[in-house]
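Everything quoted here is computed from the prediction, not taken from an experiment. Here is how names work: the chains are called A, B, and so on, in the same order as the sequence lines, proteins then strands, and each is numbered from 1.
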Amino acid sequence: MSLYELLRGPLLWLAFGVFIGGMIVRVVLFFQLSTKKDKPIYRFFSWKWLWLSIFHWIVPLNETAKKNPITTAVGFIFHFCLLVTPLFLLAHGVLWYESWEISWWSLPETVADYMTLITIGCGIFLALRRILLPYVRVVTTTADYVLLGVTLAPFVTGYLAYHQYFDYYTVLILHMFFGELMLVVIPFTKLSHFIMFFFSRAVTGMEFGRRRAPSW
Amino acid sequence: MAEETAFDPKKFKEAVEEKTNARLKMWLEICAHCGLCADTCHFYLANDKDPKMIPAVKGKRVLEAFKKKDKIDEEFLEDFYWTVYGDCTMCRRCTMFCPFGIDIATITSTGRGLCVSQGKVPENLVKTIESYYKHGNQMEVSEEDWIDTLQWMEEELQEELPGATIPIDKKGANLLYTVNAREPKFYPMDISQAAMVFYLAGEDWTMSSKGWDDTNLAMFAGDLKAASYISQLVRDAAEELEVKRVAITE
């Protein structure tokens, strides 16, 4: 089995398995522990404050966004491109079709190309923030840089592969490897905010909501 | 009681295990270290924007303590003590501005709880907690002094408003009025002024001979056992007097 076939087949299954399974385990563990030791969540449970809290932060409708317009804009564009580009990339769509004969709408290639560059640009901005602002530098750990690197690597290699810079096969292998690596680390690191964001926003939204003090 | 305990890594580990909950674990893990909490903290602003004062750093200190468990040493504990008691007032302002809603105040409070397991609580807070256990209020006001103060205030009040009263232990009243123990101790006039408002508003109210201090300084100490004991005092008084509501002083 070639390296390509390995990354395209069993390792991709493994990556998706760890990613999805890991997320499910995180959610199950949260419920298991919280029903025992976080009684206030359930005692003051409120769908209203849960949704309001998530809504006000999933779109920039909060004081922090107003006070930090540039960081907020970069953060939102970064997350948007990060999620949308790989899901609606034509080349990825072709792979899904090859394997499962399923297909969905895809982005025009030029748009996807720019979105890739924007993602990388936003990533560089976030890295510079870490380096230049003393109050971000002080909380920054090596893991923060590594995880930012792991997140950006699939985009950088994807860009290089699309434009066929350097040795195409090597770049493609690296692209697949980093893409799968990113999925795998999500459940085990701070990147788990992919799912835990919703839980954290929900519990804090309800905690402030029951005091009629919106947390945004 | 807090002061009887001393440096004891085993107890620290037990406290860590007892206090670990799903929210805390989640918060300590997902913090993206974005630094957006910096400007929201008055300690950061008041210390010439010292980066070490931002809420995320304080949260990280508690995370360290949780990871260390019984591997703490006295030097770490001393430093940790000053972080959780000295650098955060648990005002929750950063929580309101955190994109994830990470509650640093609750994290700090948990950190203080870890200090309680080592007997590391500010001396004045320890004294007030003792007073709560002994007298039911934070200012060592005895029941006799309390009743005397209320009666004295009632007399003063009646000079101005004949017919106005300060009811004590009136069963079935609509409202139980509770105060900060500083009021009978230092500012008793506050009580007669509140009574004046109640009288003119025609409120059916009462004060209680027990469980009348609505402050809870054990909560600031992170001593949750004492904190729930203190809250229970007011609740017991309300239930015994069969009042409909409990009002707390400003």
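Between B:Phe100 and A:His193, the ring planes lie tilted relative to each other; the angle falls in the 30° to 60° range.
Checked by atom type and distance alone, the side chain of B:Asn21 never pairs as donor or acceptor with a backbone atom of A:Asp38 at under 3.5 Å. Checked by atom type and distance alone, the side chain of A:Lys190 never pairs as donor or acceptor with a backbone atom of B:Cys31 at under 3.5 Å. Judged purely by atom type and a 3.5 angstrom limit, A:Arg201 uses its side chain to pair as donor or acceptor with the backbone of B:Pro99. The closest donor-acceptor contact from the side chain of A:Arg129 to the backbone of B:Cys34 lies under 3.5 Å.
By the neighbour-count criterion of 12 heavy atoms within 6.0 Å, atom CZ of A:Phe80 is sparsely surrounded, having that number or fewer from other residues, nucleotides or ligands. Sparse packing is recorded around CZ of B:Arg235, with 12 or fewer heavy atoms of other residues, nucleotides or ligands lying under 6.0 Å away. Crowding of B:Phe220 atom CZ: a count of heavy atoms from other residues, nucleotides or ligands under 6.0 Å not exceeding 12. No more than 12 heavy atoms of other residues, nucleotides or ligands shown are found within 6.0 angstrom of CZ on A:Phe194. Atom OH of A:Tyr114 is surrounded by 12 or fewer heavy atoms from other residues, nucleotides or ligands within 6.0 Å. Heavy atoms from other residues, nucleotides or ligands lying under 6.0 Å from CG of A:Leu132 number more than 12. Counting non-hydrogen atoms of other residues, nucleotides and ligands closer than 6.0 Å to NZ of B:Lys25 gives a total of 12 or fewer. At most 12 heavy atoms of other shown residues, nucleotides or ligands fall within 6.0 angstrom of atom CZ in A:Phe166.
Contact count against chain B (heavy-atom pairs under 4.5 Å) is highest for A:Met196 among A:Met196, A:Arg137, A:Gln32. Ranked by heavy-atom pairs shorter than 4.5 Å toward chain A, the options B:Arg23, B:Met96, B:Met53 are led by B:Arg23. Put simply, of B:Leu36, B:Ile102, B:Asp50, B:Thr106, the one with the most heavy-atom pairs under 4.5 Å next to chain A is B:Leu36.
Residue contact with chain B, scored on non-hydrogen atoms closer than 4.5 Å, is absent for A:Thr35. Neither the backbone nor the side chain of B:Cys37 comes within contact range of chain A; no heavy atoms are under 4.5 Å apart. Within the 4.5 angstrom heavy-atom criterion, no atom of B:Lys49 approaches chain A. Residue A:Phe199 touches chain B through both its backbone and its side chain, counting heavy-atom pairs closer than 4.5 Å. A:Leu147 does not touch chain B: none of its heavy atoms, backbone or side chain, sits under 4.5 Å away. If you measure heavy-atom distances from A:Pro60 to chain B, you find no contacts under 4.5 Å at all. Proximity to chain B (any heavy atom under 4.5 Å) is restricted, for A:Trp216, to the backbone atoms N, CA, C and O. With a threshold of 4.5 angstrom between heavy atoms, A:Phe208 approaches chain B through side-chain atoms but not through N, CA, C or O.
The two residues A:Val203 and B:Trp27 come nearest to each other via the heavy atoms CG2-CZ2, 3.9 Å. Here the closest non-hydrogen pair linking A:Lys37 and B:Glu17 is NZ-O, 2.8 Å.
Between B:Leu24 atom CG and A:Ser34 atom OG the span is 13.0 Å, to the nearest 0.5 Å. With rounding to the nearest 0.5 Å, the separation of CG in A:Leu148 from NE2 in B:His33 is 13.5 Å. In this structure, OG1 on A:Thr189 lies 11.5 Å from CD1 on B:Ile30, to the nearest 0.5 angstrom. Considering CE of B:Met26 and OG of A:Ser200, their distance stands at 4.5 Å, rounded to 0.5 Å.
A salt bridge links B:Arg92 with A:Glu207: at least one charged nitrogen is closer than 4.0 Å to a carboxylate oxygen. Between B:Glu29 and A:Arg26 there is a salt bridge, with a side-chain nitrogen of the basic residue lying less than 4.0 Å from a carboxylate oxygen of the acidic one.
A:Lys67 forms a cation-pi arrangement with B:Phe97, by the criterion of a distance under 6.0 Å to the ring centre and an angle within 45° of the ring axis.
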